[in-house]
There are 2 protein chains.
Amino acid sequence: MVDKMIPDIVVGRLPRYLQALEHLLNEGIQTTSSQELGDLIGISAAQIRKDLSQYGEFGKQGRGYSIPFLVEQLHNILNVNRTWEMVLVGAGNLGHAIANYQGFMEHGFHIAMIFDNDPERIGTLIGDIEVQPESMLVDLTRRHGIKVAMITVPASAAQAVADELVLAGVLAILNYSPITLIVPDNVNVQYIDPIIHLQRMTYYLD
Amino acid sequence: MVDKMIPDIVVGRLPRYLQALEHLLNEGIQTTSSQELGDLIGISAAQIRKDLSQYGEFGKQGRGYSIPFLVEQLHNILNVNRTWEMVLVGAGNLGHAIANYQGFMEHGFHIAMIFDNDPERIGTLIGDIEVQPESMLVDLTRRHGIKVAMITVPASAAQAVADELVLAGVLAILNYSPITLIVPDNVNVQYIDPIIHLQRMTYYLD
DNA sequence: ATATGTGAAATCTTTCACAGCG
DNA sequence: CGCTGTGAAAGATTTCACATAT
């Protein structure tokens, strides 16, 4: 059932299903239906069933889905049944906030190293991690086999950082800086930019 | 040409066009083509032309687009040819980082007020803004006619905050907390959740 | 009685390809 | 000649609706 080229748009919804299912589980709920889950996240029941059916038959007719089982399956599908080591580049305000966010650990993402090129910041501690000079990024990242990175440097520095990350073998980049990064085809980039989201909403305001 | 129910998926690309165009303008470039712009952000030239043509004829055949003119048009379309006052709810680590981010001001978004319900934080200054008690959120937000809000409180508090914002007349919410918010149809919500993005990428890693 | 999984239909989105203008 | 704007075609995605299993 798997790997018959499942569209990325489907993949993009799976983490949202997982998030909602984990939320239900936290409330002690053990079973749900595509209808209930859909109401919770604003997606049609048919779409949820269709999406999940790409990967297997996880439900029981007449009864719905076992949440613990479905959560486990989604962990497997999304490759988050393990810990992912990450590097964080940029130890400014945003970098600090991200480094201190507990949610990463709770979901199996661990910040292993933090880099910056500001001498004032190098050597300082964020939590229990020492900020390292950016000159060591490529070497250390490659030596640790790290595949996931987050960029929180200013826009003017972001492409150079991305180039170094690619050189170091990183394959997934979460980019908080407000520019489009140019990377090879085998490297995945996701963007977080509040301005983009705000403008998408102001469009609909008088 | 406008308002023939243009799909939201088109609206969602407009801010990215604007971002790239402003970037070109910063480099002193005055003219571009759908091809060049598309190469820059990884979108086909045909799609860019089609998207823009929903709103008017902004280009010149044989010559391409005047960047200053197109930027101005996109500002009008996205309603960002003005300043939007915003409220920020949640003065923790992330709230601080966001409150200090210069990018908002540069794009016409201004944080007018910050709220929190932690007595330790109330009364403290973030930049030049004093953190106010959440009990005053509805009243102050409504009195100032503020329509845009950002939520950076823990997931457990986010829905209650959203309810208050709706009560206060807010119509656009940028939600940094990792839950789906339930709001009336006329209220727009956008989500920023790094875990969702990371899981979407780990899917593609071995 | 209830809710899944799924072909088929409907809808939406993107790409093609070219007339037409500068 | 180059590049836009745009109908038409192709392709992708979502919804429908129902056979099927508990």
Side-chain angles (χ1 to χ4, degrees), chain A residues 1-18 20-21 24 29-74 77 200 203, chain B residues 1-18 20-21 24 29-74 77 200 203:
Chain A
M1 289 283 189
V2 183
D3 250 20
K4 206 209 230 174
M5 241 329 181
I6 293 157
D8 183 64
I9 198 165
V10 172
V11 176
R13 283 189 293 261
L14 301 180
R16 306 202 59 218
Y17 300 162
L18 180 56
L21 290 163
L24 288 172
I29 300 166
Q30 298 289 314
T31 292
T32 191
S33 64
S34 57
Q35 185 65 59
E36 181 182 50
L37 185 58
D39 289 348
L40 224 51
I41 58 180
I43 290 181
S44 80
Q47 178 149 85
I48 291 174
R49 293 202 302 279
K50 192 68 136 191
D51 286 352
L52 295 176
S53 76
Q54 304 277 317
Y55 298 96
E57 309 196 355
F58 302 134
K60 296 245 189 296
Q61 281 154 322
R63 309 199 164 283
Y65 300 90
S66 154
I67 298 178
F69 177 71
L70 189 49
V71 164
E72 190 195 342
Q73 295 303 311
L74 284 169
I77 292 166
R200 186 174 187 161
Y203 175 90
Chain B
M1 289 285 189
V2 183
D3 250 19
K4 207 210 229 176
M5 239 329 180
I6 293 158
D8 182 63
I9 198 165
V10 172
V11 175
R13 282 189 293 261
L14 301 180
R16 306 202 59 219
Y17 301 162
L18 179 55
L21 290 164
L24 288 171
I29 301 166
Q30 298 289 314
T31 293
T32 191
S33 64
S34 57
Q35 185 66 58
E36 181 183 50
L37 185 58
D39 289 348
L40 223 51
I41 57 179
I43 290 182
S44 79
Q47 179 149 84
I48 291 173
R49 293 201 303 278
K50 193 65 137 196
D51 286 352
L52 294 177
S53 76
Q54 304 276 316
Y55 297 96
E57 309 198 355
F58 303 133
K60 296 247 190 296
Q61 283 152 322
R63 311 201 162 281
Y65 300 90
S66 153
I67 297 178
F69 177 71
L70 188 49
V71 164
E72 190 195 342
Q73 295 304 310
L74 284 169
I77 292 166
R200 185 173 187 161
Y203 176 90

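Keep in mind that what you see is a predicted model, and the values were worked out from it rather than measured. Below, read A as the first sequence line, B as the second, and so on, with proteins coming before strands; counting in each chain starts at 1.
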Could you list the donor-acceptor pairs under 3.5 angstrom formed by side chains in residues 35-48 of chain A, with sequence neighbours left out?
| residue | atom | partner | partner atom | Å |
| --- | --- | --- | --- | --- |
| A:Gln35 | NE2 | A:Asp39 | OD1 | 3.2 |
| A:Glu36 | OE1 | A:Thr32 | OG1 | 2.3 |
| A:Ser44 | OG | A:Gln47 | N | 3.1 |
| A:Gln47 | OE1 | A:Arg13 | NH1 | 3.4 |

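B:Tyr17 has its OH atom 13 Å from the P atom of D:dT4, to the nearest Å. In this structure, CG of B:Asp8 is placed 17 Å from P of D:dT13, rounded to the nearest angstrom. Between A:Met5 atom CE and D:dT13 atom C1' the separation is 16 Å, expressed in whole Å. Whole-Å rounding puts the B:Ile48 CD1 to C:dT13 C1' distance at 15 Å. In this structure, A:Ile6 places its CD1 atom 15 Å from C1' of D:dA12, rounding to the nearest Å. A:Asp51 places its CG atom 12 Å from the C1' atom of D:dT15, with the value rounded to the nearest Å. Nucleotide D:dG5 holds its P atom 13 Å from the CG atom of B:Leu37, rounded to whole Å. D:dT4 atom P lies 19 Å from atom OH of B:Tyr55, rounded to whole Å.
Of the listed nucleotides (C:dT15, D:dG5, C:dT6), C:dT15 has the atom at the smallest distance from the side chain of B:Gln47. Here the side chain of A:Tyr65 is nearest to one of C:dT4, D:dT15, D:dT4, namely C:dT4. Checking C:dT4, D:dG5, C:dT13 against every side-chain atom of B:Ser53, the shortest atom distance belongs to D:dG5.
Between the side chains of A:Asp51 and A:Tyr17, at least one donor N or O sits under 3.5 Å from an acceptor N or O.
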Atom pairs, protein N/O to nucleotides 16-22 of chain D N/O, distance under 3.5 Å:
| residue | atom | partner | partner atom | Å |
| --- | --- | --- | --- | --- |
| D:dA17 | N6 | A:Arg49 | NH2 | 3.3 |
| D:dT20 | O2 | A:Gln61 | NE2 | 2.8 |
| D:dA21 | O4' | A:Gln61 | OE1 | 2.3 |
| D:dT22 | O4' | A:Gln61 | O | 3.2 |
| D:dT22 | O3' | A:Arg63 | NE | 3.1 |

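Here B:Ser33 does not reach the OP1 or OP2 of D:dC3: none of its side-chain N or O atoms lies under 4.0 Å away. One finds a side-chain N or O of A:Ser34 lying less than 4.0 angstrom from the OP1 or OP2 phosphate oxygen of C:dT4.
In this structure, CZ in A:Phe69 is found 14.0 Å from CD in A:Gln30, a value given to the nearest 0.5 Å. If you take CG on A:Leu18 and CG on A:Leu74, they are separated by 5.5 Å, rounding to the nearest 0.5 Å.
The two atoms that bring A:Arg200 and B:Pro15 nearest to each other are N-CG, 4.0 Å, heavy atoms only.
Using a 4.0 Å heavy-atom distance criterion, B:Leu52 is classed as making no nucleic acid contact.
Each of B:Ile6, B:Val11, B:Leu14, B:Ile77 was compared with B:Gln54 under the side chain to side chain contact (heavy atoms under 4.5 Å, CB included) criterion, and only B:Ile6 meets it.
Among pairs with a residue in residues 61-73 of chain B, none fulfils side chain to side chain donor-acceptor pair (under 3.5 Å), at least two apart in sequence or across chains.
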